[in-house]
Amino acid sequence: MKRDFLSIADLTTAELDEVLALAQRLKRELRSGQRTPLVAGKTLAMIFEKPSLRTRVTFQVGMTQLGGYAVYLTPADIRLGERETVADIARNLERLVDFIMARTMRHESLLELARYARTPVINGLSDLLHPCQVLSDCFTLREHRGALERQRVAFLGDGNNMANSWINAAARFGFSFALACPPGYEPDPGILEAAREQGASVLITHDPAEALDGADVAYTDVWTSMGQEDEAEQRKQLFAPYQLNATTFAHAKKDALLMHCLPAHRGEEVTAELIDGPASIVFDQAENRLHVQKAILVWLNDQLLHDA
Ligand code: CP
Ligand code: NVA
């Protein structure tokens, strides 16, 4: 059956565990010099409405390592919904490629691509969610700390796509999650409610110290996400108390890890001292995007084959 990966909530905990186990295997094999051609001859269309370093490179390199090929479509090439409708783009691409990955301004565009394409669609970031990043971060956290259930993840900053995906992950993996954000910048209420109904432990506060109290991980992201550039100056003022620096980080556990999805703005959401310091595992996070996304591609491909 065709499955999509638009949200961490699209997969059960057991399915997500399968993906993470596969990622671990692929990482081990790659490090021992093996290139396993698990999607040999298959093609991925990569639609980007916003810039990217990690997502683009890891999907493209990942497809190559798996024996497939990736086609990069720039914002100017496609102009989603402007040059032609999202539905028509989906109806074309499904005949030409095996997978679609899209980074969109509007989450609705991803839903539409998935609705009209018979090929699996992967969310490479939308205004609502960034599931590839957070699933990969869960993998990284497991590598460093083992079982996720006992972890407490504190996120300082905006209740944005990253925070929403962390809330979805808390519902699936059972760790506790705390977000400290300025009033008015809370996460999506529907995602929060659904996660809590599924038993997720999620705290939303306006107090950074409360979120960080007892945290195993201090996480942050840019204050101004792609597409919100007009609000940058106002956000810099509002978010200043939520910076991860020596003072705020001291509220977390002594051995807490510092995580960031990158790109980072040193001196804004995080100090250079912290992100370049010993607690930081940000480049492990960046590397693991490759292994986890390869696993997502292989897993989605396997779902198609199961049904054939
Ligand atoms: N973290 C992340 O998704 O990076 P890019 O925006 O560079 O893809
Ligand atoms: N919240 C950020 C994440 C970048 C990877 C953005 O959407 O721009």
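All values reported here derive from a predicted model rather than from experimental measurement. What's counted below: heavy atoms across the whole structure, side chains too, no hydrogens, waters or symmetry copies. In listed order, ligands and their atoms are each counted from 1.
Of all atoms in ligand 1, numbered sequentially from 1 with element shown, those under 4.0 Å from a heavy atom of Cys261 are 1 (N). Listed by number with element, the atoms of ligand 1 under 4.0 angstrom from any heavy atom of His130 are 2 (C), 3 (O). Which parts of ligand 1 touch Arg103 is read off a 4.0 Å heavy-atom cut-off, strictly below it: atoms 3 (O), 5 (P), 6 (O), 8 (O).
For Ser7 and Asp10, the side-chain atoms include no donor-acceptor pair closer than 3.5 Å. His251 and Glu210 are not linked by any side-chain donor-acceptor pair at a separation below 3.5 angstrom, with hydrogens and angles left out of the test.
Ionic pairing of Asp77 and Arg83 is not present here: no N-O contact between side-chain nitrogen and carboxylate oxygen is shorter than 4.0 angstrom. The pair Arg152-Asp216 does not meet the salt-bridge criterion, since no charged nitrogen lies less than 4.0 angstrom from a carboxylate oxygen.
A heavy-atom distance below 4.5 Å is not found between the side chains of Ile8 and Trp166.
Counting heavy-atom neighbours within 6.0 Å of Glu273 CD, excluding the residue itself, gives a total of 12 or less.
Among pairs with a residue in residues 128-143, those fulfilling side-chain hydrogen bond (donor to acceptor under 3.5 Å, both in side chains) read Asp17-Arg142, Lys27-Glu143, Gln133-Asp137, Gln133-Arg289, Asp137-Tyr219, Asp137-Gln285, Thr140-Asn288, Glu143-Asn288, at least two apart in sequence or across chains. For residues 85-109, every residue pair satisfying the salt bridge (charged side-chain N to carboxylate O under 4.0 Å, His left out) rule, not counting sequence neighbours, is listed here: Asp88-Arg91, Glu94-Arg118, Glu108-Arg115. Screening residues 155-179 for salt bridge (charged side-chain N to carboxylate O under 4.0 Å, His left out) gives Asp158-Arg235 as the qualifying pairs, with residues at least two apart or on separate chains.
Between Phe239 and Tyr185, the distance separating the two ring centers is shorter than 6.0 angstrom.
Counting heavy atoms under 4.0 Å from ligand 1, residue Lys50 does not touch it at all. Contacts of Leu125 with ligand 1, taken as heavy-atom pairs under 4.0 Å, are absent altogether.
Protein heavy atom closest to atom 4 (O) of ligand 1, with residue, atom name and distance, is Arg54 NE, 2.8 Å. Nearest protein neighbour of atom 7 (O) of ligand 1, counting heavy atoms only, is Leu53 N, 2.6 Å. When only non-hydrogen protein atoms are considered, atom 2 (C) of ligand 1 lies nearest to Arg289 NH1, 3.3 Å.
Backbone and side-chain nitrogen or oxygen atoms of Met226 are examined, and none is located within less than 3.5 angstrom of a nitrogen or oxygen of ligand 1. Between Gln133 and ligand 1, a contact under 3.5 Å exists for at least one N or O pair.
Atom OG of Ser126 sits about 5.5 Å away from atom CG of Leu110, to the nearest 0.5 Å.
Within 4.0 Å of ligand 2, protein heavy atoms come from Leu125, His130, Asn160, Asn161, Asp221, Val222, Ser225, Met226, Leu262.
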